[in-house]
Amino acid sequence: MVTGKGGTGKTTVAAAMALALADQGKRILLVEVEGRQGLAQLFDVPPLPYVERRIAVGPAGGEVFALAVDAEAALLEYLDMYYHLGRAGKALDKVGAVDFVTTIAPGLRDVLLTGKVYEATRRKSHGRLAYDAVVLDAPPTGRIGPFLNVNQEVAGLAKVGPIRNQADAIMGMLRSDVTRVHLVTLLEEMPVQETLDAVEQLERLDLRIGSIVVNMVRNSPLDDDALALAVKEKLPAAELTRGLRAAGFTATKDIVATLTKDARDHAVRVGLERENRDRIDALGKKVTEVALLPDGIDHGALFDLAEELRS
């Protein structure tokens with residue numbers, strides 16, 4: 001499961017993680033549950049239906065299938081599976097009853113969404129599991145606790161019966177040794193704070209943390225001594241002038257002054273990033289760094305990111 005504050009690149013990391021897991025002959029299911037069709041945009045394919053569809057072949061020859069889980073469709077599937085409603089279920093959908101039920105009972109919506117993931121992890125084909133791994137592009141950190149704590153969310157809806165049994169089975173999977181929650185963050189104040197809060201919340205729920213993925217990492221071209229001078233705007237003007245001329249620029253006083261201020265801003269940002277990295281390291285969790293891709297994410301960059309995660 002991959003979560004993170006909005007804007008940290010969690011969907012991109014989830015997609016790259018699925019590609020990285022798609023080793024020789026392995027089949028990976030990549031699931032999204034927020035209705036944004038983010039996976040379709042990343043892989044440049046048409047909007048995903050409520051059907052598992054192959055969208056990529058991994059770097060080592062495995063396959064990545066994708067599924068966009070829709071709560072209403074999942075409820076109809078659930079009603080047909082457990083109550084054999086068939087056409088009656090579709091009739092409920094036509095009159096809006098399905099949407100009504102999932103709207104007034106958000107806990108049920110999350111049970112249905114996670115329930116579909118649970119079913120995919122258990123399904124067999126030709127005597128073996130249909131997928132070697134399932135990667136869930138989960139809701140953001142602000143909602144991840146309630147989303148995964150389906151037992152608590154469904155407690156007011158069903159004390160016994162198939163819904164409660166399914167919730168218990170889902171929690172068993174989520175807390176098992178084969179499941180991990182990976183958190184994606186940037187080295188910025190708000191994403192890091194949400195990551196810290198989410199780790200505390202998830203561990204209270206007995207969910208296992210995998211890796212903290214620090215995304216879009218930028219390495220400073222300045223060493224520590226230069227950064228210390230830059231933050232005080234004391235970089236030697238003569239060296240800046242020589243550097244500008246070597247790069248083919250006219251080294252006027254105004255340009256040198258502007259570069260000095262830019263260097264100060266850069267040094268301040270590096271200092272803040274290092275403070276935020278220290279806060280992450282203090283968690284004592286595995287940390288995975290992913291470099292900033294200056295040209296953005298396209299299909300090729302996604303495969304490059306997958307190779308970086310594999311290594």
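Note that the structure is predicted; figures quoted are calculated from it, not measured.
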J.: Which pair of non-hydrogen atoms, one from P139 and one from T3, has the smallest distance, and what is that distance?
T.: O-OG1, 2.7 Å
J.: Closer than 4.0 angstrom, basic N to acidic O: yes or no for E273 and R269?
T.: yes
J.: Salt bridge between K5 and D197, side-chain N to carboxylate O under 4.0 Å?
T.: no
J.: Applying side-chain contact (heavy atoms from CB on, under 4.5 Å) to E233 and K261, what does each step give before you reach the verdict?
T.: CA-CA 7 Å; E233 296 189 42; K261 291 179 180 178; 4.1 Å; yes
J.: Are V13 and I209 connected into the same hydrophobic cluster when the rule is that any two of I, L, V, M, F, W, Y join if their side-chain heavy atoms are below 4.5 Å apart?
T.: no
J.: Should L202 and I144 count as side-chain neighbours, where that means a heavy-atom distance under 4.5 Å?
T.: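 They are in contact (side-chain heavy atoms under 4.5 Å apart), so the answer is yes.
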J.: Are T241 and K253 close enough that some pair of their side-chain heavy atoms sits under 4.5 Å apart?
T.: no
J.: Which value, rounded to the nearest 0.5 Å, describes the distance between L309 atom CG and E289 atom CD?
T.: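 Separation between the atoms: 12.0 Å.
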J.: Indicate yes or no: at least one non-hydrogen side-chain atom of V69 is less than 4.5 angstrom from one of Y50.
T.: yes
J.: Can you give me the closest heavy-atom contact between Q37 and L48, atom names plus distance?
T.: OE1-N, 2.6 Å
J.: What distance separates R175 CZ from I170 CD1, expressed to the nearest 0.5 Å?
T.: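 Between R175 CZ and I170 CD1, I get 12.0 Å after rounding to 0.5 Å.
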J.: Before accepting this row, confirm whether a basic side-chain N of the pair K10/E32 lies closer than 4.0 Å to the acidic partner's carboxylate O.
T.: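 Not counted as a salt bridge, because no side-chain N and carboxylate O are separated by less than 4.0 Å.
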J.: Taking E63 for its side chain and G58 for its backbone only, find out whether a donor-acceptor pair lies under 3.5 Å.
T.: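 Side chain of E63 to backbone of G58: no pair is present.
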J.: Apply side-chain contact (heavy atoms from CB on, under 4.5 Å) to residues R27 and F65 and explain how you reach the verdict.
T.: CA-CA 7 Å; R27 290 164 54 92; F65 292 77; 3.4 Å; yes
J.: Between atom CG of L19 and atom CG of D304, what is the distance when rounded to the nearest 0.5 Å?
T.: 11.0 Å
J.: Rounded at 0.5 Å granularity, tell me how far CZ in R204 sits from CG in N149.
T.: 10.0 Å
J.: Which distance, rounded to the nearest 0.5 Å, do you find between the CZ of R218 and the CG of L186?
T.: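 Answer for the CZ-CG pair, R218 versus L186, is 9.0 Å.
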J.: I'd like to know if E119 and R123 make a salt bridge, using a cut-off of under 4.0 Å between side-chain N and carboxylate O.
T.: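 Counted as a salt bridge, because a side-chain N and a carboxylate O are separated by less than 4.0 Å.
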J.: Looking at D281 and R277, does any basic side-chain N land under 4.0 Å from a carboxylate oxygen?
T.: yes
J.: Considering all heavy atoms of both residues, which atom of N215 and which atom of G9 are nearest to each other, and what is their separation?
T.: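 For N215 versus G9, the nearest heavy atoms are ND2-CA, 3.8 Å.
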J.: Show the nearest heavy-atom pair for residues K286 and G210, with the distance to one decimal.
T.: CB-O, 4.0 Å
J.: Where the side chain of R180 meets the backbone of D177, is there a donor-acceptor pair that is under 3.5 Å apart?
T.: yes
J.: So, for L292 and P294, which heavy atoms are closest and what is the spacing to 0.1 Å?
T.: O-CD, 3.3 Å
J.: Would you say the side chain of L183 lies within less than 4.5 Å of the side chain of V199, judging by non-hydrogen atoms?
T.: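 They are in contact (side-chain heavy atoms under 4.5 Å apart), so the answer is yes.
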J.: Check this for me, if you would: do D132 and R128 make a salt bridge, where the nitrogen-to-carboxylate-oxygen distance has to be below 4.0 angstrom?
T.: yes
J.: Check the pair E239 / R242 against side-chain contact (heavy atoms from CB on, under 4.5 Å), numbers first and verdict last.
T.: CA-CA 5 Å; E239 288 191 27; R242 281 196 298 272; 3.2 Å; yes
J.: State the CG-CD distance between N276 and E188, to the nearest 0.5 angstrom.
T.: 8.0 Å
J.: Can you tell whether the side chains of D110 and R143 come within less than 4.0 Å, N to carboxylate O?
T.: yes
J.: Is there a donor in the side chain of Q193 and an acceptor in the side chain of R279, or the other way round, less than 3.5 Å apart?
T.: yes
J.: Are V135 and L67 in one and the same hydrophobic cluster, where Ile, Leu, Val, Met, Phe, Trp and Tyr link if side-chain heavy atoms are under 4.5 Å apart?
T.: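 As far as the 4.5 Å side-chain criterion goes, L67 and V135 are not connected within one cluster.
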J.: Do the side chains of L29 and L129 join up, straight or via other hydrophobic residues, at under 4.5 Å, putting them in one cluster?
T.: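 Each belongs to a different hydrophobic cluster.
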J.: Taking side chain as C-beta onward, heavy atoms only, is I280 less than 4.5 Å from T185?
T.: yes
J.: Taking side chain as C-beta onward, heavy atoms only, is L136 less than 4.5 Å from F147?
T.: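 Yes. Closest side-chain heavy atoms under 4.5 Å.
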J.: Check whether any side-chain heavy atom of E194 lies under 4.5 Å from a side-chain heavy atom of P140, and answer yes or no.
T.: no
J.: Do V290 and L305 touch side chain to side chain, with heavy atoms closer than 4.5 Å?
T.: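 Side chain of V290 against side chain of L305, heavy atoms only: contact under 4.5 Å found.
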J.: Could you tell me whether a side-chain N or O of D23 sits under 3.5 Å from a main-chain N or O of K26, the two making a donor and an acceptor?
T.: no
J.: Determine, using the 4.5 Å side-chain heavy-atom cutoff (strictly less than), whether L302 and L39 are members of one ILVMFWY cluster.
T.: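 Shared cluster, yes.
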J.: Which heavy atom of L222 sits nearest to which heavy atom of A230, and what is that distance?
T.: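 Reported closest heavy-atom pair: CD1-CB, 4.4 Å.
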J.: L227 and V231: side-chain contact (heavy atoms from CB on, under 4.5 Å), yes or no, with the steps?
T.: CA-CA 6 Å; L227 287 169; V231 79; over 6 Å; no
J.: With clusters defined by side-chain heavy atoms of hydrophobic residues (ILVMFWY) lying less than 4.5 Å apart, directly or transitively, does V2 cluster with M216?
T.: no
J.: Could you check whether any side-chain N or O of T288 sits under 3.5 Å from a backbone N or O of S211, counting only pairs where one atom can act as donor and the other as acceptor?
T.: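 No, T288 side chain to S211 backbone: no donor-acceptor pair under 3.5 Å.
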